[in-house]
Amino acid sequence: MSGLVIRNGLVYDPLNRVEGERMDIYVKDGRIVEGPLKNAEEVDASHMVIMPGGVDVHSHIAGTKVNVGRLMRPEDHVKDVLPRSGLRRAGVGHSVPTTYITGYRYVEMGYTTVFEPATPPLKTRHTHEELDETPIIDKGCFPLMGNNWFIMDYIRENKYEECRDYVAWLLEAVKGYAVKIVNPGGVEAWAWGKYITYLDEPVPWFEITPREIIRWLCKINLELKNPHPIHVHTNNMAKPGNYETTIETMDSVKDMASTSNGQPIIHVTHVQFTGRSGTSWINVGSGAPEIAEYLNQNQHAEIDVGQIVFGDTTTMTADGSFQFLLHLLSGNKWANSDVEVETGAGVVPFRYRKGNYVNAIQWGIGLELALLVKDPWRVQMTTDHPNGGPFTEYPKVISWLMSRRARKRLLRKINSTARRRLHLEDVDREYSLNEVAVVTRAAQAKSLGLAWKGHLAPGADADIAVYNLDPKQVDPSRDYLKVRKAFRKATYTIKDGSIVCKDGEIVSSMLGRTYWVKPPLSKEARESLISNISGKFREYYTVGLDNYVIEDEYLANPHVVAPAR
Amino acid sequence: MIEVLIRGAVCTVCGCCCDDLNVEVTDGRVERVENACSLALSKFKHYSSERILKPLMRVGNGFKETSYKEAIQESARLLVNSNYPVLWGWCLTSCEAVELGLELAELVGGVIDNNSSVCHGPGLIGVQDIGISGCSLGEVKNRADLILYWGSNPVNAHPRHMARYTALAKGRFVASRRERKLIVVDVRRTETAKLADEFYQIEPNSDYELLTALRCAVNGEEIELSTVSGLPVERVEELADALISCRFGVLFYGLGLTMTYGKSRNLDAALSLVRDLNRKTKFLIMPMRGHFNVTGSNEVFTWVTGYPFGVDLSKGYPEYNPGITTISDVLRRGECDAALIVASDPIAHLPSTLAETLKKIPLITIDPHRTPTTEASQIVIPSAIIGLESTGTVYRMDGVPLECKRILDPPPGVKTDVEIMSDLLSRVKELLT
């Protein structure tokens, strides 16, 4: 193929400081190249916006708990069915789409890279099986390490080098991409039906604290030069007053920041769920201003929002204790899935209601975070799919960020006490298209350490989204419905240089890559680690060590990412 | 003499999927197997008997041997020409084969269903109603101080279950059998019941009553009866007390709960009981899945279609309604006009009236062995045995995925399920374009 040229679009490429310039983008052999190109296929993008393909740092799209969510929700599936058509596979959608539909729907919105942020190492083979059946998009997964017995034992015994080698080995063994920590120590406590409530509370039996788990893994992650910072879901998820836990969590690693060249060293995820003030469900409020203040003062931390969208969805996290509480609160059906030695998970269907005081506060917290944190590079846009709402609702979230009018309109409809107690009414900020490009792709690619994603300079992957939105004609603040429409269905989505979606319809399919990291681990260190853990492994697990390790060839299209510099 | 020792092979018999078999192969034959239970040993001893080695096509009352190419072409033609085929089995094969089967079903329409519709399907329906408090087997091994088998007899059906994962296992926080209480609820004194600390023998088909009474007791309600399910009410309260007062309890249920009177309602009650117990202590529940990859079959069905079994794709998108969309339903209504059976034996296991219906329609069977179903088939396509002659992913009863090892070569010329399904799928695509 002699390449592709996208003509006359208005390009938003924040990593290269291109902000709405009319430019031609040249593509050849799957990469962005310098023009001009001879005999290239041409795409006319006049009066349209061009952005790099969307990148999602946190979306539950594959693996055990997602599949439990699918199994549990036939009533969710019947609302949204997709027949086979041409090259498109059949499936069901809404809050827990089947794997094929997940791929298509991301691509239809101009997204090309998505990470599953929570996989139990023991069941990561399952995650990879699903990722291999998720078409077009590039992807990867984050193994759960915040409640791992080996790690907690190493901490108690103060064996840092062994712990570091174990983390390196584990990422490689299950083909994971980043270190994920969920409710550190708290999921282990939940395995006994118990809870952890503060950062210095000892974990039952292990007698170490969540603070130590976070600090050790942060230090190890920095030393291994992993591309993404530690990805943390804090303790005390959803509880009133938990904004303090969030700030304390970020602050617990602040002293390590000097080693990172100014890059964030901790990513705190779906902070909407952990940004609450108050002392009870009666006076729960928004802790977003305090968290934003902390982030505005400190460069070492970044967050993603986990915005909620009103409506029906399926909540699922590795934080089994939180899911049980949500089951008690909502009375909705509940699934739990504890995994030996490593982690747990839970699933509960949930409907966010505008008239519900707490839900309305949640909606406000998410938007306050996005609007009060000054640096858009450190407040990435997610709904923690499907926890805050399905990823297909992103266009709605974008419109709230870009339009005060859109927010006001919804503010009038939410619970009135919540409206009074939120700060959102007084926030005038409206995102520019450039800031939208930051929070939906550039910042997320940068945070993931994917230097060839999230931008459009020569050499980058030719993952491109073209949206039918003319900033000269459309005022996003006023015409927010047009913004929604444009972001809902990309006019073109280009993946690795091929047009995969045209006018919101899938026109060709392919198998994307699965990224994983292989941290440095010398032969001697590996051998000593294996001999060190094999006895305990036999004692604790119910599978053999050799069968636990996922062979390189198991993945359909693996792509190893080298440690960052 | 060539000797090979394969360590850590995954056993492909029951849902325990023990992954610690050491298999000694000499001159292409299995010589010795370490860590195998009686069921596994029997599989290793007899895998080569009753094998089918060449594809077969029916001629009158007998078969003629044919090539894979011809068998697959004819199978594709039958499936493409049928209006409402049923594709069934998928539990004694790999997930990779199931994935291909689901795409085939999208293309040819009709119903794709797996063995769950006649075994643990009611438990899956229960999960859709209630949810499930579940865990992996290692959680049981490391933490459980109370183990309850209900309508399940692992000593005979899952011989290593208790030793590897439950009552007899050594775990991190529970070191021995003495620290665990073993309770059995069943309609007869099974081999498992004989090993129990407490055995509750109940009247057949009365599980729902007992489960409901236990929920009452656990939730502090008074049971205003003198007997429940044939047990004095004091015994019921004693059982409820045992469940509440453990530190970490697990209920394992078998077909004695899923396929007896009440079916999915029994599971609603059992899943609710365990859910309620979590307000008092830690309690979990797990089905004792039979076939080695019935769980994997459910998993793949679910991530591709949203539903674990009984999926109707005749409109192009997945529809699910057990009672309408399982193999028994479509055979009972006499609606299906062709069947593809993969690694299963419905003629032997379905009710005889349904088996009779199956015999009257074009029947294609993919199986390593001669079975009553192959004997009634129009086309028989022999396959390699997964976990013995081919690799592939399987899911243990607790959803832990494992990669099977290839221990031997398949008989000369015999293809794997994945090869057969890929060829069949390609041929169907050709016919449809």
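In what follows, chains carry the letters A, B, and so on, assigned in the order in which the sequence lines appear, proteins first and then strands, with residues in each chain numbered from 1.
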Structural part of [X] lying under 4.5 Å from a heavy atom of chain A:
{"X": "Arg279(B)", "answer": "both"}
{"X": "Asn278(B)", "answer": "both"}
{"X": "Lys170(B)", "answer": "both"}
{"X": "Phe301(B)", "answer": "neither"}
{"X": "Tyr395(B)", "answer": "side chain"}
{"X": "Ile130(B)", "answer": "backbone"}
{"X": "Leu284(B)", "answer": "side chain"}

Next on the checklist: Run the side chain to side chain donor-acceptor pair (under 3.5 Å) test on Glu103(B) and Tyr100(A) for me, step by step, so that the C-alpha distance in whole Å, both residues' side-chain angles and the decisive distance to 0.1 Å come before the verdict.
Outcome noted: CA-CA 11 Å; Glu103(B) 186 172 10; Tyr100(A) 286 92; 5.9 Å; no
Next on the checklist: Both conditions, 6.0 Å and 45 degrees, for the charged tip of Arg143(B) above the ring of Trp192(A): are they met here?
Outcome noted: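 Judged by the rule (NZ or CZ under 6.0 Å from the ring centre, within 45° of its axis), Arg143(B) counts as positioned above Trp192(A).
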Checklist entry - Between the side chains of Thr305(B) and Arg70(A), does any donor sit under 3.5 Å from an acceptor? => result no
Checklist entry - Any luck finding a side-chain donor-acceptor pair between Tyr165(B) and Glu340(A) under 3.5 Å? => result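 Short answer, no.
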Item to check | Selection from Pro120(A), Pro83(A), Pro97(A) maximising heavy-atom pairs under 4.5 Å formed with chain B | outcome: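 Looking at each option in turn, the highest pair count goes to Pro83(A).
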Item to check | Ion pair check, Glu106(B) and Arg89(A), cut-off under 4.0 Å | outcome: yes
Item to check | salt bridge (charged side-chain N to carboxylate O under 4.0 Å, His left out) assessment of Arg172(B) paired with Asp153(A) | outcome: CA-CA 13 Å; Arg172(B) 180 165 188 168; Asp153(A) 280 340; 2.9 Å; yes
